[in-house]
Amino acid sequence: MRKMSLAVSIASLFVGFSAWALSPTIQISELPKLAQEPQHKVASKRVTNIFTRSHYHRFDLDDAFSEQIYDRFLQQVDFRRNVLTAADVQSFDKYKHQFDDMVKTGDMTPAFKIYELVQQRRYERFSYALSLLEKEFDFEQAGDAYEYDRKEANWPKDEAELNELWRQRVKYDALNLELTGKKWEEITEILGKRYNNAIKRLGQTHSEDVFQSVMNAFARTVEPHTSYLSPRNAERFQMEMNLSLEGIGAVLQMTDDYTVIKSLVAGGPAASSEKLSPEDKIVGVGQKSEEIVDVIGWRLDDVVDLIKGPKGSEVILQVLPNKGGANAQPFEVTIVRDKIRLEDRAATSKVVEPTEGEYANRKIGVIQIPGFYMNLSEDVRKELVELEKANVEGVIIDLRGNGGGALTEATLLTGLFINAGPVVQIRDANGRVTQNRDNDGKSAYDGPLTIMVDRYSASASEIFAAALQDYNRALVVGESTFGKGTVQQHKSLGRIYDMYEKPIGHVQYTIAKFYRINGGSTQLKGVTPDIAFPSALEPGEYGESEEKNALPWDQVPVAKYGTLGNIRPEFVSMLSANHQQRIATDVEFGYINEDIAEFRKQHDEKSISLVKSERIAARDDDDARALKRENERRARNGLAVIESLDDAEDVKAEDMPDPFLDETAMITLDMVDAKKLARAEAQQQ
C-alpha cells in the first residue's frame, strides 16, 4: 500500500509539472506593445550621417540599398525561416523601399510593425512546440530528418508547413536529450522550461531591441565589420577594451538560437581550459553548486550576464562542440573566472627537436604569438635571445589563431627581421595612401625563418606575414588567412548637450584599408601560404570571403622596397616536394586527411537524421575511430591498450600531437640544409 501511494504521488508530481510545462507562462495579450523612444530618432540620424559621410565604403542610400537593409532585417528576425510564412513576408513587401527613409528620418514605424507580427508568430511557434511535448515521439520512424540549415530556403507557404518544421525541431531537441540518457519525463521538463523561457523572453523585449535590429541591418549592409552598439552593449565593449571585464575570456556571438564562441582570448580562462574552440556552442550555464541553466534561445546579453562574474568564482559551461558536426555530443567544462589582461597573452617560446629520422635531435625555436599586444615586439626580442642561447638552427613564428591587435606592433615585430623598409600601406576613405615603416636600420634575427598561419590568423597577423613574404624574408606555411584588411573606429553617438531620459548607443565603422608593400590588399584574399597544409575548407569558404557584402580586393601602387632573395620559387618547389613526400606516409597526417574527407562529405548537408538507431550508429562510429587512433598512438609510445575512451587519462593540450608544428619544424630544417648547401656551392664556384 505504501509503495502504491508513493507511486501515485510521483505520478501526480509529473502530471502536475506537465500541466505547467505544456502551457505558455504568459498569454499572447501580455506581450509588450513596443513603440519607438525619443532618443531613437536622433540616434538614427546620427548613425546615417556617420555612415554616409565618414565610412570607407561609399554607397548610395537609395531604394536598392533599402531592399538590402530590409532583407537583412528579415534575416535577423527569422534566421531559419521557420517563424514567418510566405504570406507574412509578402505583407511586408510594401516596406522594402522605406528602410532608407527610416534611417534618414529616424521614423521606425514600419520596422516596429514588422517586429510586432514577428513577436506574435514566435509566441505561436513556441506554444505549438509545447503542445508537441504532450505525446512521446517515435524515435525509430524511418526516413525522418530535421532540416537545420534553412538560410536559403523558401519561406513556408502556410501554417501546416510551419508546423512540420517545428515538429522536426522539437523532435531534434528531444532526441538530443534522449541520446544523453534522459527519460521522456526529464525531456519534457527540460524542453518545457526551454520553450517557456523563450516565451518569457518575448515578454521582456524592449523597444531598444527593435531599434538595434534596424540599425545593425543597416550597418551590416554597409560592410561586415560595421555595427551599432546599444547602450548596454556599448558599456560592455568599453569594459572589454579597458580589460576590466571579469569572465572567461571569450568573444561570443548569437547565431540563430545559439551562443557561439567566435574567438578565445589567448591566456584567458577559456583558452587555458584547453577544452574550448572557436565555433563551439554554449548550450547551458551553471554556477558552482547550482543547476545548469539551459540557454538555447536566450538573448546574448543575458547569457553573458550569466557567464561573467567575480574573479576566482567558478562557472560551468555545457558546450556543444563544433568538431563532430551534427552528431556532436555536449560536454561540461568548469572555468575559474579571472580578470582578462593583455599581459596574460604574452608571447612564449620553446625548442622542438625531432626524435627520429634524419633530423633527430636538431633544434628549432618556436615563438607562439597569441595577439598583437603593446610591447609584443620587445617580448619577442627577448625570446629570440633565449632561443639563440639554446643554439636553435631556425625559428618558427606561430600565428595560428592570432586575430590581430595593435598595428604599431605589427610594424615593430616585422622590424625585428628586416633592417629597414615599408611594412604596410594604409588607404583612408579619401583615397590617401600612407606607409608604416621600420626605420632602425638593424634586425634582431637574420637566420632561417618560417611563419605558421591558419584560417583564424587575421588583421595584424596578416600584415606581418605578408610583409615578410613580400621581402622574401620568411617562408609562410599553413592555410590561407582570414582576409580582414580593414581598420575600424569606435565612436559614441551621444552629445554633451543631450537631455534624453535614456542613453544613446555607439557605432563601430570602417575607416581605412590595409595593403601589402607589393600593392595588393590583405582584404578578402588574406595571405596565401608558400606551402599549404591540408585543410577541411578551401580559400573562399571561410573568413571574410563568407560575407556577401565584404569590401573587395584591390590594389595600390607598389611600395619602394628590395627583396632579400631568401625564398625563391625553385626553393619553395623543393621544400614543397619534400613536405609532400613526408606527409604521404605520416600517420597523423593520415588521420587529418581522413577527417577532412569526412568533413567534406557532410559539408553541404542541411539536415540530420531523427532516427535514434542511426544517430547512435554514427556516434559509435566516431567513438570507434577515436578509440582506434588513441590505441595506435599509445602503441607507438609503448603504452597499454585501453578498452574505452573513458579509460584514457586526461591529456593536456601540450601533450597532444601537433603534426602541423612538427612538420613545420621539418620544413624549416629542410630550409636550413638547403641554404647551407647553396652557400657551400657558391664558395666552391
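Just so it is clear, the values below take in all heavy atoms, side chains as well, and ignore hydrogens, waters and symmetry mates. As the structure is a computational prediction, the values presented were derived from the model and not from experiment.
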> Quick check: His579 with Phe533 (ring centres under 6.0 Å apart)?
yes
> For the pair Phe51 and His55, name the ring-plane relationship: parallel under 30°, tilted 30 to 60°, perpendicular over 60°.
perpendicular
> Salt bridge check: are Asp673 and Arg362 linked by an N-O gap of less than 4.0 Å?
yes
> Please determine if Asp670 and Arg582 form a salt bridge, counting it only when a charged side-chain N lies under 4.0 Å from a carboxylate O.
yes
> When you check the gap from the basic side-chain N to the acidic O, do Lys676 and Glu393 get nearer than 4.0 Å?
yes
> Quick one about Glu314 and Gln287 (side-chain donor to acceptor, distance below 3.5 Å, no hydrogens or angles considered), yes or no?
no
> Would you confirm whether the ring centroid of Phe482 sits within less than 6.0 angstrom of the ring centroid of Tyr456?
no
> side-chain hydrogen bond (donor to acceptor under 3.5 Å, both in side chains) with Tyr509: which of Gln489, His225, Gln488?
Gln489
> Run the salt-bridge test on Glu479 and Arg455 with the 4.0 Å N-O cut-off and return the result as yes or no.
yes
> Not counting sequence neighbours, which residues clear side-chain hydrogen bond (donor to acceptor under 3.5 Å, both in side chains) with Asp398? List them please.
Arg400
> Looking only at atom types and distance, does a side-chain atom of Asp280 sit under 3.5 Å from a main-chain N or O of Val319, one as donor and one as acceptor?
no
> Could you give the side-chain donor-acceptor pairs of residues 408-427 under 3.5 Å, partners two or more places apart or in another chain?
from: Glu409; atom 1: OE1; to: Leu376; atom 2: N; distance (Å): 3.3
from: Glu409; atom 1: OE1; to: Ser377; atom 2: N; distance (Å): 2.9
from: Glu409; atom 1: OE1; to: Ser377; atom 2: OG; distance (Å): 3.1
from: Glu409; atom 1: OE2; to: Asn375; atom 2: N; distance (Å): 2.9
from: Thr411; atom 1: OG1; to: Leu407; atom 2: O; distance (Å): 3.4
from: Thr414; atom 1: OG1; to: Ala410; atom 2: O; distance (Å): 2.7
from: Asn419; atom 1: OD1; to: Ser443; atom 2: N; distance (Å): 3.4
from: Gln425; atom 1: NE2; to: Arg516; atom 2: O; distance (Å): 2.9
from: Gln425; atom 1: NE2; to: Pro557; atom 2: O; distance (Å): 3.2
from: Arg427; atom 1: NE; to: Tyr56; atom 2: OH; distance (Å): 3.1
from: Arg427; atom 1: NE; to: Tyr515; atom 2: OH; distance (Å): 3.4
from: Arg427; atom 1: NH2; to: Tyr56; atom 2: OH; distance (Å): 3.4
from: Arg427; atom 1: NH2; to: Tyr515; atom 2: OH; distance (Å): 2.7
from: Arg427; atom 1: NH2; to: Asp554; atom 2: OD2; distance (Å): 2.6

> Look only at the side chain of Ser461 and the backbone of Leu399, and say whether a donor-acceptor pair between them is shorter than 3.5 Å.
no
> Take Arg633 and Glu588, measure what salt bridge (Lys or Arg N to Asp or Glu O under 4.0 Å) needs, and give me the verdict at the end.
CA-CA 9 Å; Arg633 287 183 179 126; Glu588 291 295 337; 2.8 Å; yes
